[in-house]
Amino acid sequence: ETVQLLDASDATIPVVLEERALADVSEIVIVGSELDDVLTVDYAYGGDFGGLTVTFDAGGGGDDSLRLVGDGAGSASFRADPAGSGAGVVEFGSDRIDFSVSGLDVVEITAVDHLLLSTEGGADNLEISSPESGKSQVSGTSAGVAIADLVFSDVANVTVDTGDGEDNIAIREHGLGASGLETVSLSTGAGEDLLNVESADLGIDPSGAVTFDGGGDRDAIAGPSAG
């Protein structure tokens, strides 16, 4: 088994920059530039990298993003780090992708069975929307600090766990229209929380399910206004 680092700036002809036996690699550190940097971690051929840690320092400036392509069956998580705007950790299987050294603008995850977003900053203000057909996006702040936009598609089950604090989650029109989406679980922990459903058309398949667990405090759900 090998690990390849590719330059995919020309998507039709990727260039192998580095190739090593997986057994000889314990960590990969990637340092970006002042331009728009994109790191894609691809698991499309199945399995994971056996506990590999990838540190991504995207550098200042530019619109930087991390894209994880799963194997269609595994679980992924994105833990937003309240210590810095756009910072956090993404995990798939036993692998870990750490971008706490510099914030990202976008984390895009596709082709996984279950996706967990967790925030650890306290009071959260999140919005679930659709940036384009077949994709959903979670954006907003945790304890006043911006999280990287989480964009997902071809994901069957999504959990958003905001932890304790007075949280607000808004679901925009077609916000749950990501391809393949079957269930969405929203958990807001302790605190007086609000779920604001802004449209009767959330985009999720009619056979899908959306659940909201506001914890044991005084929580509220607001629906779209008539007319």
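The figures here come from the full heavy-atom set of this structure, side chains too, leaving out hydrogens, waters and symmetry mates.
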Side chains of Thr183 and Asn157, donor plus acceptor under 3.5 Å: yes

Is the closest side-chain donor-acceptor distance between His114 and Thr159 under 3.5 Å? yes

Hey, does the side chain of [X] reach the backbone of [Y] with a donor-acceptor pair shorter than 3.5 angstrom?
{"X": "Asp64", "Y": "Asp37", "value": "yes"}
{"X": "Asp36", "Y": "Asp63", "value": "yes"}
{"X": "Asp124", "Y": "Leu126", "value": "no"}
{"X": "Asp193", "Y": "Asp167", "value": "yes"}
{"X": "Asp113", "Y": "Ser75", "value": "no"}
{"X": "Asp95", "Y": "Gly51", "value": "yes"}
{"X": "Thr188", "Y": "Thr162", "value": "no"}
{"X": "Asp154", "Y": "Ala111", "value": "no"}
{"X": "Asp164", "Y": "Ala190", "value": "yes"}

Test: Arg79 and Asp81 ion pair at under 4.0 Å: no

When rounded to the nearest 0.5 angstrom, what is the spacing between [atom1] in [X] and [atom2] in [Y]?
{"X": "Asp213", "Y": "Ser187", "atom1": "CG", "atom2": "OG", "result": "4.5 Å"}
{"X": "Ser142", "Y": "Leu117", "atom1": "OG", "atom2": "CG", "result": "9.0 Å"}
{"X": "Ser77", "Y": "Leu115", "atom1": "OG", "atom2": "CG", "result": "8.0 Å"}
{"X": "Glu198", "Y": "Glu127", "atom1": "CD", "atom2": "CD", "result": "7.0 Å"}
{"X": "Asn168", "Y": "Leu194", "atom1": "CG", "atom2": "CG", "result": "5.0 Å"}

A side-chain contact here means heavy atoms from C-beta on lying under 4.5 Å apart; do [X] and [Y] qualify?
{"X": "Glu27", "Y": "Val54", "value": "no"}
{"X": "Phe152", "Y": "Thr110", "value": "no"}
{"X": "Val69", "Y": "Thr40", "value": "yes"}
{"X": "Asp205", "Y": "Leu181", "value": "no"}
{"X": "Ile30", "Y": "Thr55", "value": "no"}
{"X": "Phe99", "Y": "Val89", "value": "no"}
{"X": "Val151", "Y": "Val107", "value": "no"}

So which atom in [X] and which in [Y] form the shortest heavy-atom distance, rounded to 0.1 Å?
{"X": "His174", "Y": "Ser130", "value": "O-CB, 3.3 Å"}
{"X": "Gly214", "Y": "Asp219", "value": "O-OD2, 2.8 Å"}
{"X": "Leu202", "Y": "Ser199", "value": "CD2-O, 3.4 Å"}
{"X": "Glu91", "Y": "Arg96", "value": "OE2-NH1, 3.8 Å"}
{"X": "Gly175", "Y": "Ser136", "value": "O-OG, 2.7 Å"}
{"X": "Ala178", "Y": "Ser153", "value": "CB-CA, 4.2 Å"}

Worked check of side-chain contact (heavy atoms from CB on, under 4.5 Å) between Lys135 and Glu108: CA-CA 10 Å; Lys135 294 184 178 183; Glu108 183 170 357; 3.0 Å; yes

Picking from Arg20, Glu19, Glu18, what satisfies side-chain hydrogen bond (donor to acceptor under 3.5 Å, both in side chains) with Gln4? Glu19

Does Ile128 form a side-chain contact (heavy atoms from CB on, under 4.5 Å) with Leu176? I'd like the steps, not just the answer. CA-CA 7 Å; Ile128 305 176; Leu176 303 181; 3.8 Å; yes

Assess whether side-chain contact (heavy atoms from CB on, under 4.5 Å) is satisfied between Leu186 and Ile171, documenting all intermediate values. CA-CA 11 Å; Leu186 307 174; Ile171 306 178; 4.2 Å; yes

Treat each ILVMFWY residue as a node, draw an edge where side-chain heavy atoms are under 4.5 Å apart, and state whether [X] and [Y] are in one component.
{"X": "Val184", "Y": "Val197", "result": "yes"}
{"X": "Val106", "Y": "Leu39", "result": "no"}
{"X": "Leu66", "Y": "Val31", "result": "no"}
{"X": "Ile97", "Y": "Leu5", "result": "yes"}
{"X": "Leu150", "Y": "Val38", "result": "no"}

Between Phe92 and Ile109, does a side-chain contact (heavy atoms from CB on, under 4.5 Å) hold up when you go through it step by step? CA-CA 10 Å; Phe92 181 81; Ile109 297 179; over 6 Å; no

